[in-house]
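Working notes, structure below.
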Protein chains: 2
Amino acid sequence: MTKSTPPLSNTIADIKALIHRESRRVTSYDVAMLAGVSQSAVSRCFKPGASVSKATYARVMEAARSLDYTPNAAARSLITRRSNLVAVILSDTVGLNYPDILTELSRQFSLRGMHIILFNLPTEAGIDQTLAEVWQHQVDGAIVAVRLSAAQVAEFERRSVPLVLFNRNLADRTVNAVVCDQEEAARAMVTRLAAAGHKRFAMIDGPAHSTAAQQRKHGVATRLAELGLALPLSVEGNFDYASGARGLREIIDRFGGVPDAVICANDLMAIGCIDTARHDFRLDVPGRLSVAGFDGIAASRWISYKLTTMRQPLHSMAQAAAALLLGLVADGNATPERRVYSATFVDGATARLGPPA
Amino acid sequence: MTKSTPPLSNTIADIKALIHRESRRVTSYDVAMLAGVSQSAVSRCFKPGASVSKATYARVMEAARSLDYTPNAAARSLITRRSNLVAVILSDTVGLNYPDILTELSRQFSLRGMHIILFNLPTEAGIDQTLAEVWQHQVDGAIVAVRLSAAQVAEFERRSVPLVLFNRNLADRTVNAVVCDQEEAARAMVTRLAAAGHKRFAMIDGPAHSTAAQQRKHGVATRLAELGLALPLSVEGNFDYASGARGLREIIDRFGGVPDAVICANDLMAIGCIDTARHDFRLDVPGRLSVAGFDGIAASRWISYKLTTMRQPLHSMAQAAAALLLGLVADGNATPERRVYSATFVDGATARLGPPA
DNA sequence: TTGTAGGCGTTATCAT
DNA sequence: ATGATAACGCCTACAA
């Protein structure tokens, strides 16, 4: 009998027609009307841990389901001041080429009901424009893997937007960061290569704007100097395969011959360098020339390369960055923390590490 | 003289103190007060093409700047019903491993002041949960590269959320999509290989849930049949390097020998297959065994491989997807469009294409 | 060109 | 446990 149905103020069809006529969205008022409760009751039903009776909850949820109601995040964000949005700011040269990072970040955040707004900079120049857009979206926090000026970092603080830097060092400020110690990694690599008796080094550097590249180069140079070896001939690359290939040609050209070892600022360039050495110059790697990289990307493990490299624990780092940020979002004034990871040496097959043949 | 300054209702310091005391955000009212105009005047200044006098505009902007005011996207979205947010829904297996796609999408959208909310599914199972989150965020549109049921597609329509499928076919519905004709690509590859006299084919297939893999396999199988060749022995892989390596071993095992050609459902598996063939089985590729892939990823062009493959125009496709979606956002009821791209054959060095030696 | 007033859809407060 | 009411910060007629 119709009498046994719950006291609906209107039928589903009526309400749907009304919404359509006014061409608006389904709101909690519509659900309330259908369920025969107040709007605030509906709101409470969608808030975990609110006090609602079993019966009310069931009727509200049923009404919501039949109207396809979903809370409006914009309206919620307006009043709660939480958007459940996290900005992830990357740059073309480095960010998306390491899919692990975004994958892990995305996983961690969606586990807590938060989502990523992606800001991918073609060039790190336009960052101020990007930040303006970040502020508009009222993000709850940001993970930034591009270079930030002290002023820009300060703006995050002024706006109380938790910030975690990823693999970016900012010398003069205490700011939350997850980094891999690039200089230490570079020194470790040099130590290994030098111990094996390599004397004549060359380096294929990364782009000038990359702090990781700078630190790797600095580590290489200082460690070599400590060991009494000459500073390496260094040519600039931009982290891609082609510049590894170009780099080797330039080195052989300017060096007037083949050095003992080429250290590349990342794996991709190392792979380009190795391919060119083997195929174009017919050089035995590592027999005649040792080549090493940094990162530990997937391709570095391929059978054709088995690259000798310093592997960054990117997965753990991404996880840590997410955890750090989530902590800051929960507790606004936690003390700045800096998590430093070490790269691990990967004993590959592209650098001679034993005594010379 | 102080008299020459604009008639500010309050000093900057006063207003900042007020805001801080009430611990709220800087609003357009604060800017209005500082600039000595109404709140709606401020609002108009931030709306491109609104009618504001030069003088007012200048004073408002100056006030906004000195207060670090930024419009609140949530509040704006509430009234305009535009969030300037686009959902991009990918899955682990396919999405982030092709960085070009996200890079280009991000570029195109940010050019129009829109931004990407990233939804990266660990598994395509949890998609309903993901969609619920998409609805909450009131996105202006979505680009989806995972499998969607007809019901799920219908829900986009019901909610008037423009949808563009990326490399996903949905047979029974007319829905906006940008796809690459995988079956045609597969047929083209088979035609080439067969013309060179390959007789005994094998295939390393993609994961079952990938429509692209299904279509590639179907194209391979049907074209082979048309040419009077046996259906290939097919083993299942999951699109990664390791499964290419495993795949070849399994093929040789089950085949009881080495086939003439192995067609892999993507480049990454092809590379794994080639490495294993050359290093573990000491097979000459392409002399003794031809290997081909699909996609045209960056590594496929590396000197060590020069992979024979069918290259998808991912860059153009991403561009088209963004353009299509932007068109739909501008004009809600544009007619469904399906843009089909063709893969181009890349005459690499891993498959014999001339007469047998 | 400018100001006034109302509403977007939700959560939070405070009664009841 | 539930309901009325006041924000949240902005846009947009409409009137001036």
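Sequence lines set the chain letters: A, B, ... in the order given, protein chains first and strands last, and positions in each chain run from 1. Side chains included, hydrogens not; waters and symmetry mates left out as well; all remaining heavy atoms used.
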Could you name each residue pair satisfying salt bridge (charged side-chain N to carboxylate O under 4.0 Å, His left out) that touches [range], not counting sequence neighbours?
{"range": "residues 45-57 of chain A", "answer": "none"}
{"range": "residues 102-112 of chain A", "answer": "E104(A)-R107(A)"}
{"range": "residues 25-46 of chain A", "answer": "R24(A)-D30(A)"}
{"range": "residues 71-82 of chain B", "answer": "R82(B)-D140(B)"}

Nearest heavy-atom contact between A132(B) and T70(A) is O-CG2, 3.9 Å
Contacts of R147(B) meeting salt bridge (Lys or Arg N to Asp or Glu O under 4.0 Å) (sequence neighbours excluded), chain-then-number -> none
Across all chains, not counting sequence neighbours, the side-chain hydrogen bond (donor to acceptor under 3.5 Å, both in side chains) partners of T56(A) are S53(A)
**Study point:** Contacts of R65(A) that satisfy side-chain hydrogen bond (donor to acceptor under 3.5 Å, both in side chains) - sequence neighbours left out
**Key:**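 Expected list: none.
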Original post:
Are any non-hydrogen side-chain atoms of T11(A) and K16(A) less than 4.5 angstrom apart?
Top reply: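 Answer no - side chains too far apart.
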For a quick test of reading the model: is some side-chain N or O of T27(A) closer than 4.0 Å to OP1 or OP2 of dG9(C)? no
Please state whether the phosphate of dT2(C), meaning OP1 or OP2, lies under 4.0 angstrom from any side-chain nitrogen or oxygen of T56(B).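 Result: yes.
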Each nucleotide of nucleotides 11-16 of chain C classed B (base within 4.0 Å of a protein heavy atom), S (only sugar-phosphate) or -, in 5' to 3' order, makes BB----
The complete set of ring pair (Phe, Tyr, Trp, His ring centres under 6.0 Å) pairs with one or both residues in residues 23-49 of chain B, sequence neighbours excluded, reads F46(B)-Y69(B)
With sequence neighbours left out, the residues meeting ring pair (Phe, Tyr, Trp, His ring centres under 6.0 Å) with H137(B) are H115(A)
Separation of [N] [atom2] from [X] [atom1] (nearest whole Å):
{"X": "L78(B)", "N": "dG6(C)", "atom1": "CG", "atom2": "C1'", "answer": "13 Å"}
{"X": "R82(B)", "N": "dC8(C)", "atom1": "CZ", "atom2": "C1'", "answer": "16 Å"}
{"X": "R81(B)", "N": "dG7(C)", "atom1": "CZ", "atom2": "P", "answer": "14 Å"}

Taking any atom under 4.0 angstrom from a heavy atom of chain A, which nucleotides of DNA chain D are the first and last to qualify, 5' to 3'?
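Listing 5' to 3', DNA chain D meets chain A from dA1(D) to dG9(D).
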The answer to which of K54(A) and A74(B) contacts DNA chain D further toward the 5' end, by nearest nucleotide, is K54(A)
Tell me the bend of the helix from dT1(C)-dA16(D) to dT16(C)-dA1(D) as the angle between end helix axes, each from five pairs, rounded to the nearest 10 degrees.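 Helix axis angle between the two ends: 30°.
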